[in-house]
Protein chains: 2
Amino acid sequence: MENRCENCIIRQFNSLRALNKDELKRVSDSKISKKIKKGEALFIEGQKLDGVFCVRDGVSKLSKLSSNGKEQIVKLTNKGEIMGQRSVIAEDFTNLSATAINDMEVCFITKEIISNTLNTNPNFSLEVLRHLAHDLKEADDVIVNMSQKTVKQRMAEAFIYLKKNYGEDENGFLSLTLSRDDYANIVGAATESLIRMISEFKKKGLIKTEGKKIGVLEEDTLQELADGF
Amino acid sequence: MENRCENCIIRQFNSLRALNKDELKRVSDSKISKKIKKGEALFIEGQKLDGVFCVRDGVSKLSKLSSNGKEQIVKLTNKGEIMGQRSVIAEDFTNLSATAINDMEVCFITKEIISNTLNTNPNFSLEVLRHLAHDLKEADDVIVNMSQKTVKQRMAEAFIYLKKNYGEDENGFLSLTLSRDDYANIVGAATESLIRMISEFKKKGLIKTEGKKIGVLEEDTLQELADGF
DNA sequence: TGTAATAAGTGACAATTATCATGTTTTAGA
DNA sequence: TCTAAAACATGATAATTGTCACTTATTACA
């Protein structure tokens, strides 16, 4: 009973908030809860999705392979986000792969229910529209950052972003721990270059590290750096 | 009479195709036709839009200023596209500026009509959703290209894209003529770097130039280059 | 618990791209 | 049609970033 969508707070953060009781019941009856282990894929670029994933817990990376064989991380998902909407709406293959960064708990909702509800509940459509609109704006920002900022600036920005969106633990380390490889794939740089810059930031006292973990020490200076000063 | 939306073929290419006769009539009665001269702005980043623009003719660039003061072109619009949807849907300031690349003819449709129709016609919502979904996918592709490809690769890709999407004139030059500056802002590079590469491509016989005009000579080789060979 | 496998880190060097300086051509408008 | 401004072009040089080769942790698991 405790796993009914009706009682799930998560849906307040995504477009499912626009569903009425009946619709919610239908979603809940047909949804499938899944646990995804760190490192496992939810779906892979080019696949046909039969539905969307509602993230109850954990973080995943949405990435795409470049023709040079390197992975580019396009977005990190937050708790509460719906994944795979784009592909289901466009009735298209996914253009991205989704991989769990830590252990995840997700609910799978079939595309039939989604498109049904889209056709009958204008509020739901509007909510989805708003979310897509938001994603599109963020994507535009990423494009500009990627093309106009240096790797160092993008790095600084990434640390600030991770702190803002995922917080830090009691010792001041970022709650979300990423591999150096993942960092490189977010920032769009060679792993070695990125590691070198981490060392540099550390030497300058902007961040601290402990194994994989990274902590932000001088957020203001990082922000200035990100803005190009 | 010939300027009624009901008779306008353009709408077949965008989400307005989902409107029924009544809705179309309402749009048509309230729409304002505008002519925009080359170089003029339709709207500017940070503005609040009171509606959307339906492009009847001409091409515009959607761009964003980076914190370093350089402009990044995020997208070129095609005839038939609707501009400003994202901002109207999210009830948000525009995140992009739109500037005419050549003389344009557009129709302005107020946001009241748009949101009204979104609330009452699920097919229209779905159409808009599909268009946003498409834009989002394209944006993801741009992100990957920007971060994983070299300037040279992006250049090659840009020429192919322009040929595919805007065609060429009787002499084999790209129909859409851009300034070197615009090219640089699409590709995300310094203007000087870009000009140098145009020279290089020309020397290698991949393209030809005549003043501002550029013509694709070896599309296959350009494609290989873009893919990294 | 030992040992591959994987990830992190560093140095040397090469390739790419930006910047600055300057000259030439084109364009717009008085 | 003359002239100033803007756009195009190229060289020299510096800064950024990638690549390759290698060493040193860490991690997973047989």
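Convention: sequence-line order gives letters A, B, ...; per-chain numbering from 1.
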For B:K48, does the NZ atom sit with more than 12 other heavy atoms under 6.0 Å from it, leaving out its own atoms?
yes

Going by atom types only, do B:T209 and B:K202 share a side-chain donor-acceptor pair under 3.5 Å?
yes

So which one's nearest nucleotide on DNA chain D is more toward 5', A:G211 or A:K152?
A:K152

A:R180 side-chain N/O to C:dG9 phosphate OP1/OP2 under 4.0 Å
yes

Measure the distance from CD1 on A:I207 to P on C:dG9 and round it to the nearest whole Å.
10 Å

Could you report the tightest heavy-atom contact between A:N14 and A:G80, atom names first, then the distance?
ND2-O, 2.7 Å

How many whole angstroms separate atom CD of A:E71 from atom P of C:dA7?
12 Å

Contact span of DNA chain D against chain A, any nucleotide atom under 4.0 Å from a heavy atom, 5' to 3', runs D:dT17 to D:dC20

Taking CD from A:Q153 and C1' from C:dA18, how many angstroms apart are they, rounded to a whole number?
13 Å

Rounded to whole angstroms, how far apart are CD on B:Q148 and P on C:dT17?
13 Å

Can you check the A:E192 CD to C:dT10 P distance for me, whole Å?
12 Å

Would you tell me if any nitrogen or oxygen in the side chain of B:T150 comes within less than 4.0 Å of OP1 or OP2 on C:dA15?
no

Worked check of ring-ring contact (aromatic ring centres under 6.0 Å, His included) between B:F93 and B:F43
CA-CA 11 Å; B:F93 303 99; B:F43 51 83; over 10 Å; no

For residues B:Q85 and B:S15, report the shortest heavy-atom separation together with the two atoms involved.
OE1-OG, 3.9 Å

Base, sugar-phosphate, or nothing for A:S179, non-hydrogen atoms under 4.0 angstrom?
sugar-phosphate

Counting any heavy atom closer than 4.0 Å, what does A:S199 reach on the DNA or RNA strands: base, sugar-phosphate only, or nothing?
sugar-phosphate

When A:K38 and B:L178 are each assigned the nearest nucleotide of DNA chain D, the 5'-most assignment goes to B:L178

Could you tell me whether A:K31 sits above the aromatic face of A:F108, with NZ or CZ closer than 6.0 angstrom to the six-membered ring centre and within 45 degrees of the axis?
no

For a quick test of reading the model, state the closest non-hydrogen atom pair linking B:V59 to B:M104 and the distance between them.
O-SD, 3.7 Å

Return the value, rounded to whole Å, for the distance between atom NZ of B:K70 and atom C1' of C:dT17.
11 Å

Taking atom P of C:dA8 as reference, at what distance in whole Å does atom NZ of A:K202 sit?
13 Å

Starting from P on C:dT17, measure out to CE on B:M155 and report it in whole angstrom.
11 Å

